[in-house]
There are 2 protein chains.
Amino acid sequence: MKPNDLHKLQARARVLKAMAHPTRLHILNVLAGGECCVCELTEDIDADLSTVSKHLSVLKNAGLVKDEKRGLQVFYTLCCPCILDFMGCVENVLRSNAAQQKNLVS
Amino acid sequence: MKPNDLHKLQARARVLKAMAHPTRLHILNVLAGGECCVCELTEDIDADLSTVSKHLSVLKNAGLVKDEKRGLQVFYTLCCPCILDFMGCVENVLRSNAAQQKNLVS
DNA sequence: TTCCTATTTGGCAGTATAACCAAATAGTGC
DNA sequence: GCACTATTTGGTTATACTGCCAAATAGGAA
């Protein structure tokens, strides 16, 4: 593997890693419906405010979301909505896993 | 967030997490070109054999690859090649990150 | 059986993540 | 300035991941 390739792979892995958490995937889903403030996001996530805030900063550092402060609130927006298109393929993987399981059982 | 949703998100996050490593992304890239045995994969990855093997088992547990033993060798195959289509979007994210950086500097 | 090759597994040390709580910061209005 | 709300940051603990080495397993050949 060339060093140049390694850099590229590391960068990609960082983005994927940022997405690889249930809470963060949920946040991305919600943001797909339009910008949202932290307080709204916190409402339906069963976790401490500070935890949600940290998840948001992970997404932000990966460049997946942008934030904008307006008054007291901070609003987050999805940068590249295409990232959620990928979930269709992830579901394929999960479906074939489920089918596999079924075969093993029967 | 409903418990049902949580399950779905956890399952998706597991798949993403399995992809979220430079070495594993490299393996997936190579496998996109067709099945490959462990020894071939190990050649251009600068890591211990056992490390490569463990990465492969992570991918396998996530349902991203299948393995098949033939003689002494084990051949791995990509289950859902569509997972690599996603990289185009990841590159979008990275490109916009780079642009952002440039703006900050200038 | 014994040896050799290909791969996996177990164990360990170092590093990174995740969640919570408490404290800090930043607007807003009085 | 002070009080109040929204959010972030720091610190701590528990858990998970990564990479290496050494040992185990499995197939093939002598």
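Every chain is numbered from 1 and lettered A, B, ... according to where its sequence line falls, protein lines coming before strand lines.
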Length of the line joining [X]:[atom1] and [N]:[atom2], which is rounded to integer Å:
X        : N       : atom1 : atom2 : value
Asp46(A) : dA19(C) : CG    : C1'   : 12 Å
Glu68(A) : dT7(D)  : CD    : P     : 13 Å
Leu41(A) : dT8(D)  : CG    : P     : 10 Å
Gln10(B) : dA16(D) : CD    : P     : 13 Å
Asn61(A) : dT9(D)  : CG    : C1'   : 13 Å
Leu49(B) : dC4(C)  : CG    : C1'   : 15 Å
Asp67(A) : dT8(D)  : CG    : C1'   : 11 Å
Glu43(B) : dT7(C)  : CD    : P     : 10 Å

Rounding to 0.5 Å, atoms CG (Leu94(A)) and CE (Met87(A)) come to a distance of 10.0 Å

Output every pair passing ring pair (Phe, Tyr, Trp, His ring centres under 6.0 Å) with a member in residues 8-55 of chain A, not counting sequence neighbours, ordered by first then second residue. His21(A)-His55(A)

Summarise how protein sits on nucleotides 22-30 of chain C as a single string, 5' to 3': B when a protein heavy atom is under 4.0 Å from the base, S for sugar-phosphate-only contact, - for no contact. B---BBS--

Could you tell me whether Tyr76(A) contacts a base, only the sugar-phosphate backbone, or nothing, with contacts defined as non-hydrogen atoms closer than 4.0 Å? sugar-phosphate

By the 4.0 Å heavy-atom rule, please label Leu56(A) as base, sugar-phosphate, or nothing. nothing

Output yes when a side-chain donor or acceptor of Asp67(B) lies under 3.5 Å from a complementary backbone atom of Thr77(B), and no otherwise. no

Is there a donor-acceptor pair closer than 3.5 Å between any side-chain N or O of Thr51(B) and the backbone N or O of Ala47(B)? no

When you get a sec, tell me which of dT8(D), dG19(D), dG11(D) is the closest nucleotide to the side chain of Lys54(B)? dG19(D)

Contacting residues from residues 11-33 of chain A, given that a heavy atom lies under 4.0 angstrom of DNA chain C: Lys17(A), His21(A), Arg24(A)

Charged N to carboxylate O below 4.0 Å: is that the case for Arg12(B) and Glu91(A)? yes

Is the shortest side-chain N/O distance from [X] to OP1 or OP2 of [N] below 4.0 Å?
X        : N       : value
Thr51(A) : dC20(C) : yes
His55(B) : dG19(D) : yes
Ser53(A) : dT8(D)  : yes

Give the cluster check for Val30(B) versus Val90(B): same hydrophobic cluster or not, with ILVMFWY residues linked at side-chain heavy-atom distances below 4.5 Å. yes

Option passing side-chain contact (heavy atoms from CB on, under 4.5 Å) with Cys37(A) (candidates Glu68(A), Lys69(A), Gln73(A)): Gln73(A)

Sub-2.5 Å SG contact, Cys89(B) and Cys80(A): no

On DNA chain D, compare the nucleotides closest to Gln73(A) and Ser57(A); which residue's is nearer the 5' end? Gln73(A)

Which atoms form the tightest heavy-atom contact between Leu31(B) and Tyr76(B), and what is the distance? CD2-O, 3.4 Å

Looking at Cys79(A) and Lys66(A), what are the two nearest heavy atoms and their distance? SG-CG, 3.4 Å

